[in-house]
Amino acid sequence: MPNTPRRVREPVQVYLAADDRDLLNRLTEETGLSKAEILRRGVRSFAKEQQSASPMLQFLESLGEIEAPDGTAVNHDDVLAEAYLSPRSRRR
């Protein structure tokens, strides 16, 4: 995300515990960034974390860990049907 200022901003009031306030103050002193900028970056960082927690993304990532049978791209319906059969149904 570019560091260009946005034209429209919405004020937000946040209540912090003393230790979080102290941490925020320390970060402003160490980085030279404003409290608002540190909080914005924190929100963006948290959003990125949550993207990786998406069940769909986790599922897609897990697909890279398995070996699909040959011809899965062509016969995907058959492969899925076989995968959903119970172990008892497969023995027949």
Side-chain angles (χ1 to χ4, degrees):
M1 212 171 238
N3 289 333
T4 57
R6 293 189 171 83
R7 289 191 153 326
V8 178
R9 293 190 177 177
E10 178 183 343
V12 176
Q13 186 171 1
V14 179
Y15 292 90
L16 298 175
D19 57 339
D20 290 332
R21 185 198 60 232
D22 293 343
L23 176 60
L24 182 59
N25 288 335
R26 191 190 86 216
L27 290 170
T28 60
E29 290 173 16
E30 290 176 1
T31 64
L33 297 170
S34 68
K35 291 177 184 178
E37 181 59 23
I38 291 170
L39 293 173
R40 280 191 289 271
R41 290 182 183 194
V43 168
R44 291 179 196 131
S45 175
F46 183 73
K48 285 180 185 177
E49 264 181 40
Q50 293 306 301
Q51 287 176 345
S52 65
S54 161
M56 181 54 81
L57 288 175
Q58 289 174 351
F59 171 71
L60 291 173
E61 288 171 2
S62 74
L63 292 178
E65 300 169 6
I66 63 169
E67 276 193 46
D70 289 338
T72 298
V74 175
N75 302 314
H76 50 80
D77 289 340
D78 296 334
V79 172
L80 283 173
E82 179 68 23
Y84 282 107
L85 288 176
S86 69
R88 189 185 323 175
S89 300
R90 290 183 193 164
R91 285 187 230 147
R92 293 182 188 177

Would you give me the side-chain donor-acceptor pairs under 3.5 Å for residues 15-26, sequence neighbours excluded?
residue : atom : partner : partner atom : Å
Y15     : OH   : Q13     : NE2          : 3.0
N25     : OD1  : K35     : NZ           : 3.2
N25     : ND2  : R21     : O            : 3.4
R26     : NE   : E30     : OE2          : 2.9

Checklist outcome for this item: Residue pairs meeting salt bridge (charged side-chain N to carboxylate O under 4.0 Å, His left out), one or both in residues 68-80, sequence neighbours left out, come to none
Item to check | Identified side chain to side chain contact (heavy atoms under 4.5 Å, CB included) partner of L27 from the options I38, L33, L39 | outcome: I38
Checklist entry - With sequence neighbours left out, what residues match V79 under side chain to side chain contact (heavy atoms under 4.5 Å, CB included)? => result P69, T72
Checklist entry - With sequence neighbours excluded, what pairs up with S45 under the side chain to side chain contact (heavy atoms under 4.5 Å, CB included) test? => result none
Checklist outcome for this item: The reported gap from CZ in R41 to CZ in R44 (rounded to nearest 0.5 angstrom) is 7.5 Å
